[in-house]
Novice: 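For reference, the structure I am asking about is given below.
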Amino acid sequence: MTSREASRAQREIQNLREENARLMSRLSSLSRLSLLITRSLDRTTVLQEVVDAACELTCARYGALGVFDGSGRIQEFITHGITPEERARIGDLPQGLGILGLLQHRQQPLRLADLTKHPRSVGFPPNHPTMKTFLGAPVRLGDESLGNLYLTEKLNDQEFTPEDENLLMLFASHAAIAIKNASQYTRESELRNQAELERARLRAIIESSPSAVIVAEAHGGRIVLANEAANRLLGIVLRPGEHKERYERAAVYRRPDGSIYAPEELPLQRAIREGVTSRGVEVIFDLPDGRKVPTLVNAAPVRDAEGKITAAIAVIEDISDRQAVERMKADFLSMISHDLRGPLSTIKGLSSALLMEQESIDMATVMEYVNSIDEEADRMAELVNNLLEMSRLEARAMPMAPEMCHLADIAAESVKRIERSRIGGAHKITVNVPTELPEIYADYDEIGRVLGNILSNAIKYSPEGSEIVVRSYRDPKDSHMIVTEVKDQGVGIPDSEMDKLFTKFYRVTSQQGRSRPGSGLGLAICKAIVEAHGGRVWVESKLGAGSSFYFSLPTAAKGAET
Ligand code: ADP
């Protein structure tokens, strides 16, 4: 080998070494990138890497990746070689009119020595760096066009080579996978978020449910959800994740006959174990604090798509109120029959006596009998009227007929009426309703009935000769409301009974007044009438010392607004 040949061979070896080094560097960049793309789900990072690496490996000064939205418009533009300030100066994202538009509809890359000379070139926007050499490739996945990737200004005034072109195609396919992966990820996380949102919504609904709701998972029967009402009912703080034993031990669960349910017989456990749906099972919660809460339990298994039981849900309704009402109704019926039968038999007895003894009976006795008949008839009429009134109020069939009126007139008339009545005359009724108070816009007769009811109670439940005071004044807390108070010096009401007085059929049990006739409807009627006028009723009382019943009504000015 001549020395010339030897030095040529050496140059070639050198060239091959350099070429090899270059290829190795490209290969390592490519594999680094592939790794990144498969690992990272942060699409912006990956896409920036793609553009940076493409520029680096092809020695391009500028590079850009435009990502399309569903309609093929560039929605994201990732660049290399220009600063954010420069980008801001260029302005809007490219619209893909010129060369970029051409690229979008091509399957193949596009390599240009001078892009400004291409017939589709539309020039650069102001402040855009001038660019000459160009290498672009569509970013596609199958038939779907996802964007375009292009490089400009190969360094050292060189043109892009076919090798660069191959490399760019490779990068474009990487970009396509990254974009696809990311959108898949976004879709999945959207679905996850949606499911999360639905779960949260469901939780909120369960949480705000007035019925107690308990959810147990099938595996191990652990309570995974118990709402506020459930915790209140059980009198414990039962948090999700607490073991079912806590729930099972929170109370002794009894049947209405008093016998105890075995844990596996309880509706929730039956739903888990046997897939049984239970409706309206009566369970009495016998709680450690001494409460015995009657409930109706509905329970059902929750199954997955394959029908496997994954959990069970129980909705527990506290029926103590309902049972109390049932009891009150039963009491009421017996009371009604007693209270109606009593006067009825008196009337019947007295009138029969009058008929049979008309020859022998003297006038004074006749008058006495007739008075008694009249009294008893009044009592019956009051009861029947109250019943009718209550059912009318409940059916909202009784139209209120509001008019401008004054409480002073209503009070004066009510007091006069009651004093003239059978029960009146034995008490000293003082009225203090200043005429300076504003008028109210209300049903005159109905408000009269409210005051009449409260006054007749005051008379019924306080000793003869005691004083009853009726007064009206502006509500100190709300000058648009007028409060009327009826204060007596009677038997008073125990604290524990105070909040139940306005419930229909309710009568205080431990009271002398219990022996007095009544239906337990009067105050419920008052409440309904006052509330229909936009006011409220309440009571203050001291056992043995007397009671004050109050009702408030809006002034006419206020009433007209509402
Ligand atoms: P009733 O027809 O039984 O009087 P109400 O609804 O008018 O029915 O009253 C309900 C209960 O409230 C009464 O049975 C009585 O126990 C109690 N009550 C009402 N007013 C008074 C009062 N002024 N003093 C004491 N207890 C009262």
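Because the structure is predicted, anything quoted here is derived from the model rather than measured. Keep in mind that the numbers below use all heavy atoms, side chains included, and drop hydrogens, waters and symmetry copies. Position 1 is the first residue of the sequence, and the numbers go up from there. Numbering of ligands and ligand atoms starts at 1, following listing order.
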Novice: Are Glu265 and Arg255 ion-paired here, with the side-chain N under 4.0 Å from a carboxylate O?
Specialist: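 So Glu265 pairs with Arg255 through a salt bridge.
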
Novice: Do any nitrogen or oxygen atoms of Val491 lie less than 3.5 angstrom from nitrogen or oxygen atoms of ligand 1?
Specialist: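 N/O-N/O distance under 3.5 Å: no.
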
Novice: Can you name the atoms of ligand 1, numbered from 1 with element, that are less than 4.0 Å from a heavy atom of Leu521?
Specialist: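 Listed by number with element, the hits are 6 (O), 8 (O).
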
Novice: Which bit of Asn386 gets closer than 4.0 Å to ligand 1, counting heavy atoms only: side chain, backbone, both or neither?
Specialist: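 Within the 4.0 Å criterion, Asn386 makes no contact with ligand 1.
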
Novice: Where on Leu523 is there a heavy atom closer than 4.0 Å to ligand 1, on the side chain, on the backbone, on both, or on neither?
Specialist: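 Both the backbone and the side chain of Leu523 come within reach of ligand 1.
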
Novice: Taking only Lys NZ, Arg NE, NH1 and NH2, and the carboxylate oxygens of Asp or Glu, determine whether Glu190 and Arg187 approach each other closer than 4.0 Å.
Specialist: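 So Glu190 does not pair with Arg187 through a salt bridge.
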
Novice: Non-hydrogen atoms of Gly490 versus ligand 1: any pair closer than 4.0 Å?
Specialist: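 No; Gly490 lies far enough from ligand 1 that no heavy-atom distance drops under 4.0 Å.
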
Novice: Using a strict threshold of under 4.0 Å (side-chain N to carboxylate O), is an ion pair present between Glu531 and Lys527?
Specialist: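 A salt bridge links Lys527 with Glu531.
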
Novice: Looking at Lys487 and Glu540, is there a salt bridge between them, counting it only when a charged N and a carboxylate O are closer than 4.0 Å?
Specialist: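 No, Glu540 and Lys487 are not salt-bridged.
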
Novice: Can you name the atoms of ligand 1, numbered from 1 with element, that are less than 4.0 Å from a heavy atom of Gly522?
Specialist: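 Here the atoms of ligand 1 in question are 5 (P), 6 (O), 7 (O), 8 (O).
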
Novice: Counting only nitrogen or oxygen atoms and a 3.5 angstrom limit, does Leu501 reach ligand 1?
Specialist: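 By distance alone, the answer is no.
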
Novice: Looking only at heavy atoms, is any part of Phe502 under 4.0 Å from ligand 1, and if so is it the side chain, the backbone, or both, or is it neither?
Specialist: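 Neither part.
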
Novice: Using 30° and 60° as the class limits, which term best fits the ring planes of Phe285 and Tyr253: parallel, tilted or perpendicular?
Specialist: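 Taking Tyr253 first and then Phe285, their aromatic rings stand perpendicular (interplane angle over 60°).
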
Novice: Any Lys/Arg nitrogen of Arg322 or Glu326 sitting under 4.0 Å from an Asp/Glu carboxylate oxygen of the other?
Specialist: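 No, this pair does not count.
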
